[in-house]
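Remarks on the structure that follows.
Scope of the values below: all heavy atoms of this structure, side chains included, with no hydrogens, waters or symmetry mates. Predicted model only: the values in this text are computed from it and were never measured.
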Amino acid sequence: MTLSILANACLHSDAREKVRGSKIANNIVSIIKYIKLESTLHCRACRLIGNLSECDWHAKSFCKAGAIQAIVDLLQLNTNTQTYLMSVRAIRNIWSIHEGSREEILETGVIRRITGLLIMAVGKLETSTRTASELIEICLKAMCAFLCTLDPRVSEQIRGEKDLQGYKCIVQCLGMKNKMAVKCLYNLCQIAECRPILGNSGAIESLIILIKDRSELCKEMLSSLCLFCREAVNRARIRIGSGLELMLSLLQSSQDEKYHPMLLHALAQFVYDDPSIVIMVKNGLLDVLVTRLRKMVRETISNEETRISKKRGNESPPNKQTEFKYNKTNLGRFSSDYYRDDWSPGSATSVSSSPPSTPPLPFYDSLENDENTEDNYSPVCSDTEFMDNEDEPQEEVESLESCKSVIAETEEPQTSEKGNKSIVNNCEYANVWTLVLLSRLSHSNDPIERLADSTTIEPLSAYIRHAKNPKASRILTRIVRNGAYLMPLLKQGFVFEAQTLYGSEQYLRQLCALAETGGAIGELTSILLRGDEAHKLVIAVSIPFLIKSRYILKSLLNNYGGLALIFRVLSDQQHSLYKNAIWSICRLANTLQIQPEMIDKCQITDTASTDFPRVYDNHPKPATVTFELDDGTTINACRHTLCQKSDAFSAMLEGNFSESGKKRVKLRNTSREGLHTLLLAANGAAFENRTIESLLDAVLLADKFLMNDVSDVLTESSISKLNYQNFSRAWNWAKNNACHELKSCCVKSFLTASMTHSERVQAFQDFSNSDSFHEFLAEVRQIINSVLCQR
């Protein structure tokens with residue numbers, strides 16, 4: 001009665017503090033060692049040890065008093081179940097609270113004895129269900145506490161005396177959906193030497209069955225299965241036992257998203273197992289990876305926006321992009337997560353004859369729970385017990401029937417900075433293994449169905465564009481390099497997308513090398529002749545980006561109608577390929593080396609400051625002449641300068657014509673802006689800011705009035721001033737003034753000038769908005785055809 005009341009009092013910390021410094025430890029140990037009464041007394045003594053050992057000071061004092069050996073001796077006796085329960089619990093609490101006790105507990109071999117009790121209890125399940133279940137639960141809970149250190153010596157004792165009975169019992173309890181067995185297995189799986197043995201004991205098959213039962217799913221189950229993926233022998237069992245299909249089904253479930261990083265990691269262990277890759281592809285691996293890619297794109301865009309907003313707000317310097325670092329030692333062939341430093345294949349301490357064939361990765365995080373408070377309840381003895389000790393009251397171990405969940409819910413909100421950092425790391429972790437698996441698919445010798453479809457290529461391209469990840473870029477390069485994927489890529493218009501990606505040259509180089517092979521030319525021809533209308537158009541527009549050979553271009557574009565298809569798209573501003581067709585026809589002109597005949601390298605700045613010789617240095621202030629134009633406006637000019645620069649003006653103003661000597665002269669068919677520009681050029685003034693129309697009008701006037709020097713300067717300036725903003729205006733001016741050479745020069749300059757994609761589209765749309773757009777298209781086609789058909 002005294003032990004029972006004292007044990008209940010010592011459930012509280014203040015009571016444990018009050019007996020601190022007393023000889024209670026020595027007294028209790030003496031009771032266990034020397035008083036040979038009913039086993040009830042020993043049971044109550046062990047319960048008191050367990051309750052007091054919740055305090056580190058008391059646990060330490062029990063070790064000094066020899067409690068460990070006393071309990072070990074007690075466990076060797078053939079006693080009742082309740083005594084076993086309290087003894088095992090006392091050892092477990094001392095181990096958990098006082099680390100200094102662990103070496104002694106290991107040396108006594110008590111863990112092996114507790115394993116024996118587990119084996120015995122499992123064997124009695126059919127005859128004594130309740131007491132056996134209680135003993136199983138307390139033994140498994142103790143084993144979980146012992147295994148938290150991941151010490152292989154613990155796992156060695158848990159194996160059992162013979163035939164690995166300890167491991168087999170744990171697996172058997174696993175089949176009974178025992179939560180402590182699940183956690184015990186998880187701890188064992190973190191010791192590398194144990195995994196092959198557990199696999200031989202049927203742990204993998206039991207785990208798969210448990211995980212399929214969604215009502216019992218927990219993180220330890222999945223973590224254990226993922227840890228089994230580290231050894232080749234266990235990977236084979238997972239593959240045979242439909243474990244791959246199970247993991248992929250979990251990856252396709254949004255409600256299990258918190259487990260996705262570890263599952264992706266586990267699947268990445270199968271990258272060198274071709275049969276497993278085939279199974280994964282058949283069961284939706286590509287869909288999983290595409291979904292992950294889309295999420296990675298959203299995360300990258302969100303991070304970019306956050307970084308930009310912080311930079312604009314000057315709240316703090318932009319965070320450096322975290323870099324996922326790998327441990328160099330993890331890149332070798334053999335698993336390095338074996339506990340002993342001296343482990344080697346076939347050594348005496350080795351559990352298996354060969355190590356895993358793939359490198360390990362960091363252990364999955366597991367939240368530790370305080371299991372000790374679950375079974376600390378120690379009820380006061382009843383009156384009947386005090387009067388009659390024949391039967392141990394079942395209330396003694398009432399608390400042993402309940403057990404906490406083996407792991408805390410991972411979806412609890414994490415408000416601390418450390419929690420947020422963990423979430424970011426999990427995202428990066430999942431991203432790395434997503435790319436590893438996708439890389440493996442891109443290495444496949446046999447084409448993977450839908451790997452080159454737009455549903456895969458679009459998110460991969462978007463991720464490359466935003467994240468600029470070189471690994472993702474190499475994956476896309478391998479896909480592009482595979483001839484089996486050429487036509488699917490071309491049909492979805494990837495050649496246009498490739499131009500906008502980082503490293504576009506390597507993609508185009510690979511596409512061009514494949515496109516000019518005989519088989520690819522045959523497929524392109526077949527599509528142009530007999531393909532779907534949409535495929536015909538996208539292939540026709542893509543050809544100028546892919547083919548460099550003039551002979552092949554002539555065959556595809558002229559003989560098989562590719563050029564007509566391009567111009568059909570160019571005529572329709574609403575077509576989805578409209579902008580790409582503009583780009584395409586300009587690329588074709590560059591490939592055909594079309595050059596404007598009138599292009600001159602002379603720069604405007606070299607000619608604008610030209611000083612004409614002054615003839616009238618000693619002449620008095622020259623007289624002016626006023627020119628009256630058709631619209632009634634007037635312009636004043638220096639009479640002597642005009643006579644000096646132009647024979648025509650000299651004859652008009654100084655000769656025998658009616659205009660000679662007049663202050664006001666009428667000029668027909670002359671624009672005001674053109675004449676103003678001509679006078680600026682004649683006087684050596686700057687005229688760079690004049691419009692292209694005024695420059696061209698001035699060129700005509702310079703020719704009309706025989707001003708050869710001024711005409712050359714204006715011609716050079718007007719040609720050099722051509723750009724995407726005025727190509728169409730210059731072309732329309734040349735058309736209206738019958739200047740065919742300038743008209744052709746404008747078209748060829750538009751086709752071959754260096755411009756951005758948006759500038760080229762803007763220039764083309766300026767042409768399309770004019771009334772003579774069809775004439776412009778016809779001229780472009782005539783120029784292309786004239787070069788394309790040359791021998």
- Task: Using modelled atom types only, decide if a donor and an acceptor are shared between the side chain of S442 and the backbone of R478 within a distance under 3.5 Å.
- Result: no
- Message: As a quick check of understanding, evaluate salt bridge (Lys or Arg N to Asp or Glu O under 4.0 Å) for E103 and R153, giving each step before the final call.
- Response: CA-CA 10 Å; E103 283 298 322; R153 292 176 295 175; 2.9 Å; yes
- Query: In Å and rounded to the nearest 0.5 Å, what is the CZ to CD1 distance from R239 to I204?
  - Reply: 11.5 Å
- Message: Does this structure show an ion pair linking R440 with D273, if we count only N-O contacts that are shorter than 4.0 Å?
- Response: no
- Task: Answer yes or no: is there a donor N or O on one side and an acceptor on the other, between the side chain of S155 and the main chain of P152, under 3.5 Å?
- Result: yes
- Message: Tell me if a side-chain donor or acceptor on S444 pairs with a main-chain N or O of D446 at a distance below 3.5 Å.
- Response: yes
- Please examine the side chains of K212 and L246, heavy atoms only from C-beta on, and report whether any two atoms are closer than 4.5 Å. yes
- For D73, check salt bridge (Lys or Arg N to Asp or Glu O under 4.0 Å) against everything at least two apart and list the hits. none
- Message: Applying ring-ring contact (aromatic ring centres under 6.0 Å, His included), can you list everything that pairs with F146, at least two apart in sequence or on another chain?
- Response: W95
- Message: Could you check whether any side-chain N or O of T456 sits under 3.5 Å from a backbone N or O of A452, counting only pairs where one atom can act as donor and the other as acceptor?
- Response: no
- Message: So does H98 get a backbone contact from the side chain of S101, meaning a donor-acceptor N/O pair under 3.5 Å?
- Response: yes
- Is there a side chain to side chain contact (heavy atoms under 4.5 Å, CB included) between Y507 and R481 once you walk through the steps? CA-CA 8 Å; Y507 307 131; R481 193 166 54 204; over 6 Å; no
- Message: Taking R130 first and then E134, would you say they form a salt bridge - that is, a charged N and a carboxylate O separated by under 4.0 Å?
- Response: yes
- Task: Please name the residue in the list V480, L476, I479 that meets the side-chain contact (heavy atoms from CB on, under 4.5 Å) test with Q510.
- Result: V480
- Item | Heavy-atom side-chain contact between N283 and L244 under 4.5 Å | no
- Query: So do the side chains of Q506 and S473 get within less than 4.5 Å of each other, counting heavy atoms only?
  - Reply: yes
- Side chain R159, main chain L164, donor-acceptor under 3.5 Å: no
- Any chance you could lay out the side-chain hydrogen bond (donor to acceptor under 3.5 Å, both in side chains) test for T300 and N303, step after step, and finish with the verdict? CA-CA 5 Å; T300 304; N303 292 339; 5.6 Å; no
- Message: If the test is side-chain hydrogen bond (donor to acceptor under 3.5 Å, both in side chains), which one of Q252, R292, R450 qualifies with D287?
- Response: R450
- So, do L264 and V436 sit near enough that their side-chain heavy atoms are less than 4.5 Å apart? no
- Applied to residues 458-470, the salt bridge (charged side-chain N to carboxylate O under 4.0 Å, His left out) test, sequence neighbours excluded, yields R465-E497
- Message: With no hydrogens and no angle check, just 3.5 Å: does a side-chain donor-acceptor pair link T115 and Q165?
- Response: no
- Query: Looking only at heavy atoms, which two atoms of N187 and C148 are closest? And how far apart?
  - Reply: ND2-SG, 4.2 Å
- Is it true that a side-chain atom of N234 and a backbone atom of R195 form a donor plus acceptor pair closer than 3.5 Å? yes
- d(I464 CD1, I475 CD1) to nearest 0.5 Å is 8.0 Å
- Straight-line distance of Y272 OH to R235 CZ, nearest 0.5 Å: 10.5 Å
- Query: Can you tell me how far NZ of K295 sits from OG1 of T434, rounded to the nearest 0.5 angstrom?
  - Reply: 9.5 Å
- Item | Salt-bridge contact K177-D213 (side-chain N to carboxylate O under 4.0 Å) | yes
- Between CG on residue L118 and CD1 on residue I138, distance to nearest 0.5 Å: 12.0 Å
- Item | Check: Y259/S223 side-chain N/O donor and acceptor closer than 3.5 Å | no
- Message: Using a 3.5 Å distance criterion without hydrogens, assess whether the side chain of N469 forms a donor-acceptor pair with backbone atoms of K471.
- Response: yes
- Determine yes or no for a side-chain-to-main-chain donor-acceptor pair under 3.5 angstrom, with Y167 supplying the side chain and G199 the backbone. no
- Message: By the definition side-chain contact (heavy atoms from CB on, under 4.5 Å), identify the one residue from T79, I71, V72, L77 that meets it with L75.
- Response: I71
- Taking atom CD of E99 as the centre, does the number of heavy atoms from other residues, nucleotides or ligands within less than 6.0 Å exceed 12? no
- Query: Would a distance-only check, ignoring hydrogens and angles, find a side-chain to backbone donor-acceptor pair under 3.5 Å from N93 to G50?
  - Reply: yes
- Query: Going from OG on S302 to NE2 on H466, what distance comes out if it is rounded to the nearest 0.5 angstrom?
  - Reply: 12.0 Å
